[in-house]
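Below is one structure, written out as structure tokens, with a few remarks after it.
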Protein chains: 2
Amino acid sequence: MATGRTHRPATRSRGIPEATVARLPLYLRALTALSERSVPTVSSEELAAAAGVNSAKLRKDFSYLGSYGTRGVGYDVEYLVYQISRELGLTQDWPVVIVGIGNLGAALANYGGFASRGFRVAALIDADPAMAGKPVAGIPVQHTDDLEKIIKDNGVSIGVIATPAGAAQQVCDRLVGAGVTSILNFAPTVLSVPDGVDVRKVDLSIELQILAFHEQRKAGEETAGEEAVTASVPKNTPKGPDGDVPVVMPA
Amino acid sequence: MATGRTHRPATRSRGIPEATVARLPLYLRALTALSERSVPTVSSEELAAAAGVNSAKLRKDFSYLGSYGTRGVGYDVEYLVYQISRELGLTQDWPVVIVGIGNLGAALANYGGFASRGFRVAALIDADPAMAGKPVAGIPVQHTDDLEKIIKDNGVSIGVIATPAGAAQQVCDRLVGAGVTSILNFAPTVLSVPDGVDVRKVDLSIELQILAFHEQRKAGEETAGEEAVTASVPKNTPKGPDGDVPVVMPA
DNA sequence: CCATCTTTGTGCACGCGTTCACAAAGACAT
DNA sequence: ATGTCTTTGTGAACGCGTGCACAAAGATGG
């Protein structure tokens, strides 16, 4: 799962729980697939299986949105697609800028999952003058100098940062200064933003490290019979997959 | 057969909370930066600020690892780097394969954050015969036919899936069949894996949708109730969640 | 050696999220 | 209409994570 932070303090009034919001896109994807197969209705059990969650959780999630189901039948697929889309704000157009058109930025620009959800890549921005004008995913890259103007001209409120770590905070400050209030950060840095600005971060390295932790524990479990806790220097030598280290081939 | 989440129910022995594990890489990154600046010790307050978390939370996190701090002084940076690295299993070499060398796969192959954390890209695999042999990030792409052999020859236990959604489950099955027990999934699909296999997913589109939800709510807040005149500064949030802005630019 | 000061480590309370289990609601057949 | 059957919506219990607040531990200075 992606490591997002900056959760809000439980929106007071008509608050949909943050955990529920995070699952709505999951339901929406499953529902869209059903819709394309012209399935008219779906039960909480079926939909939950398709989305990979518990059915009770799914029903509770939907209960925050309203009573959109029919007892004894299930949920109307089309209607639910619409309701969730509306709740997530996907019925409107969201212009997005991507800053930092390296490998990752280019991959993001080419990513098809954006356009299909109401997100439109309004501009690509990079600090390298050599990139300026060069088309990526059919969109010409523009220079960082024009960042503020681009944001304002396009009414952009969501920015994606795919720059190196060193440039991220500076880019972030300029985005916020120009009016961006939501940021998706791919740079491995903690961003400081004023109140009212949302930041979600995706860190590939962190995800791998979490996997490594579990992987190590799995490997240790096999060899661990009974262990006295000595609390300091466990000579844990998991005879894991690195028994034979072939050749380290630097990139 | 489990679907998607393979949650570990706090196994008997050394149960470090999942939430803590997810933050360890964050601390490690901050500590590494301090180490490079030859800072000998750091207090929980300083380190917490650098990692963007609450200091009490950080101390509690560390308490699960052991008592590595010195009261009145703080934590020894080098020692803590080692302890966290060991806990995360980063002191050993983790060969990783990336399947699906499109835009995203290529970006991942080029990502520098892997090698610096003990992860080694052992192989790149793609289904397109035209890609075979072509070097990406200095590593020749190999064909899917050889997937099983590559996994076994290199002792790979962590796989990264960057294929289109349609191919993801099939690739996943083959990876698991060949011995992979941890998967990082970038395809927008719910993967079914047997018990004992961990799956983490990163979905770019979902992150944007969550941002859109909050963005829409912000926009709605302004028009409801009284008008917020001065642009971007909203009403005070009762408490600072994580978004506190200490902006520590340490000397 | 004692006093004071700093910072860790943690007991405790609170709130959010998850899950169970079941009554209410509606469809459908007779 | 009435009974049966299916599935939703939710009250309630539980567990995990978070943050406060403070005592314990060690450093430091006199």
Side-chain angles (χ1 to χ4, degrees), chain A residues 1 3-13 15-24 26-27 39-49 51-77 79-80 83 210 231, chain B residues 3-5 7-11 15-24 26-27 31 39-77 79-80 83 210 237-244 246:
Chain A
M1 206 192 303
T3 55
R5 291 267 356 129
T6 312
H7 58 181
R8 328 212 103 227
T11 327
R12 39 201 179 282
S13 51
I16 298 179
E18 189 60 31
T20 295
V21 172
R23 280 188 296 267
L24 290 182
L26 225 54
Y27 302 143
V39 178
T41 61
V42 65
S43 71
S44 63
E45 203 69 48
E46 294 167 323
L47 185 55
V53 302
N54 182 296
S55 71
K57 194 187 294 187
L58 179 142
R59 288 198 299 276
K60 178 142 287 191
D61 282 343
F62 285 176
S63 78
Y64 293 117
L65 308 182
S67 285
Y68 294 149
T70 305
R71 299 180 188 223
V73 176
Y75 299 92
D76 183 281
V77 172
Y79 186 60
L80 204 46
Q83 290 298 342
I210 296 172
Chain B
T3 9
R5 304 240 352 111
H7 194 50
R8 299 215 143 230
T11 327
I16 298 180
E18 191 60 32
T20 295
V21 173
R23 280 188 294 268
L24 289 182
L26 223 55
Y27 303 143
L31 284 165
V39 177
T41 62
V42 65
S43 71
S44 64
E45 202 69 48
E46 293 167 325
L47 184 55
V53 303
N54 181 295
S55 72
K57 194 187 295 186
L58 177 141
R59 287 197 300 274
K60 180 147 290 190
D61 284 342
F62 286 174
S63 78
Y64 293 117
L65 307 183
S67 286
Y68 294 149
T70 304
R71 300 183 189 219
V73 176
Y75 299 92
D76 182 280
V77 172
Y79 186 59
L80 203 47
Q83 289 299 341
I210 295 172
T237 0
K239 285 179 54 181
D242 289 26
D244 46 5

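As a basis for the values below, the full set of heavy atoms in this structure was taken, side chains included, without hydrogen atoms, waters or symmetry mates. Chain A is the first sequence line, chain B the second, and so forth, proteins listed ahead of strands; every chain is numbered from 1. What you are looking at is a predicted structure, and each value in this text was computed from that prediction instead of being measured.
Between the OH atom of B/Tyr64 and the C1' atom of D/dT18 there is a distance of 10 Å, rounded to whole Å. Residue B/Leu58 contributes atom CG, which lies 9 Å from atom P of C/dT8 at whole-angstrom precision. Spacing between atom NZ of A/Lys57 and atom C1' of D/dG15 amounts to 13 Å, rounded to whole angstrom units. Atom CG in B/Asp76 sits about 13 Å away from atom P in C/dT8, given to the nearest Å. The distance from atom CZ of A/Phe62 to atom P of D/dT8 is 10 Å, rounded to the nearest whole Å. Rounding to whole angstrom units, CG of residue A/Asp61 and P of C/dT18 are separated by 7 Å. Rounded to an integer number of Å, the gap from B/Glu46 CD to C/dT8 C1' is 14 Å.
Distances were taken from every side-chain heavy atom of A/Asn54 (C-beta onward) to each of C/dT19, D/dC20, D/dT10; the shortest belongs to C/dT19. Closest to the A/Ser67 side chain, of the nucleotides D/dG9, C/dC20, C/dG17, is D/dG9.
Scanning all heavy atoms of the two residues, the minimum distance from B/Lys60 to B/Ser63 falls at O-OG, 2.6 Å. Closest non-hydrogen pair, B/Leu58 versus B/Tyr75, comes out as CD2-CE1, 4.4 Å. Across all their heavy atoms, B/Ile16 and B/Val21 have their closest contact at CG2-CG2, 3.7 Å. Considering every non-hydrogen atom in both B/Val42 and B/Val77, the closest pair reads CG1-CG2, 4.0 Å. When all heavy atoms are compared, the tightest approach of A/Ser55 to A/Ser44 is CB-O, 3.9 Å.
Take B/Arg59 and apply the salt bridge (Lys or Arg N to Asp or Glu O under 4.0 Å) test, not counting sequence neighbours, and it matches no residue.
Put simply, B/Lys60 has no side-chain N or O that comes within less than 4.0 Å of OP1 or OP2 on C/dT10. OP1 or OP2 of D/dT18 lies within a sub-4.0 Å distance of a side-chain N or O belonging to B/Arg23.
Within the 6.0 Å centre-distance limit, the rings of B/Tyr79 and B/Tyr68 are counted as a close aromatic pair.
Note on A/Tyr68: only backbone sugar-phosphate atoms sit closer than 4.0 angstrom, heavy atoms only; bases stay farther off.
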Polar atom pairs between nucleotides 4-7 of chain C and protein, under 3.5 Å, N or O only, would you list them?
residue	atom	partner	partner atom	Å
C/dT7	O4'	B/Gly72	N	3.0

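Across the interface with DNA chain C, nearest-nucleotide mapping of A/Arg59 and B/Arg59 shows B/Arg59 to be the residue nearer the 5′ end.
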